[in-house]
Amino acid sequence: MLAQQQQWCPRCKRYVETEQKQNKLGRRSNLMKLITTCQKCRTTLSSKTVTTPASR
């Protein structure tokens, strides 16, 4: 888990603490999905897929 931040939640209609999770994707785990959710209502606020550097 990454550091907690405050972000606007449209469902709660206020700034809330968020939780960020990382999931590895693909056979070689070279993709990572970052998901930010509201801690109060558990709504997904943002989702982003990024590539990770190749490990040797």
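For clarity, every value in this text was computed on a predicted model and none was experimentally measured.
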When rounded to the nearest 0.5 Å, the distance separating SG of Cys9 from CD of Glu17 is 12.5 Å
Contact list for residues 8-37, test ring pair (Phe, Tyr, Trp, His ring centres under 6.0 Å), sequence neighbours left out: Trp8-Tyr15
When you look at Thr18 and Thr37, which way does the side chain to side chain contact (heavy atoms under 4.5 Å, CB included) test go after all the steps? CA-CA 6 Å; Thr18 60; Thr37 58; over 6 Å; no
Reported CD1-to-NZ distance for the pair Ile35 and Lys21, which is rounded to 0.5 angstrom: 8.0 Å
Please list, chain by chain and in numerical order, all residues satisfying side chain to side chain contact (heavy atoms under 4.5 Å, CB included) with Thr43, sequence neighbours excluded. Arg11, Cys41
Where at least one partner belongs to residues 32-50, residue pairs that pass salt bridge (Lys or Arg N to Asp or Glu O under 4.0 Å), sequence neighbours excluded: Glu19-Arg42
Stepwise, does the side chain to side chain contact (heavy atoms under 4.5 Å, CB included) test hold for Ser47 with Leu34? CA-CA 6 Å; Ser47 176; Leu34 304 173; over 6 Å; no
Any side-chain heavy-atom pair from Ser29 and Thr52 closer than 4.5 angstrom? no
Given side chain to side chain contact (heavy atoms under 4.5 Å, CB included), test Thr49 with Met32 step by step and report yes or no. CA-CA 6 Å; Thr49 302; Met32 186 172 292; over 6 Å; no
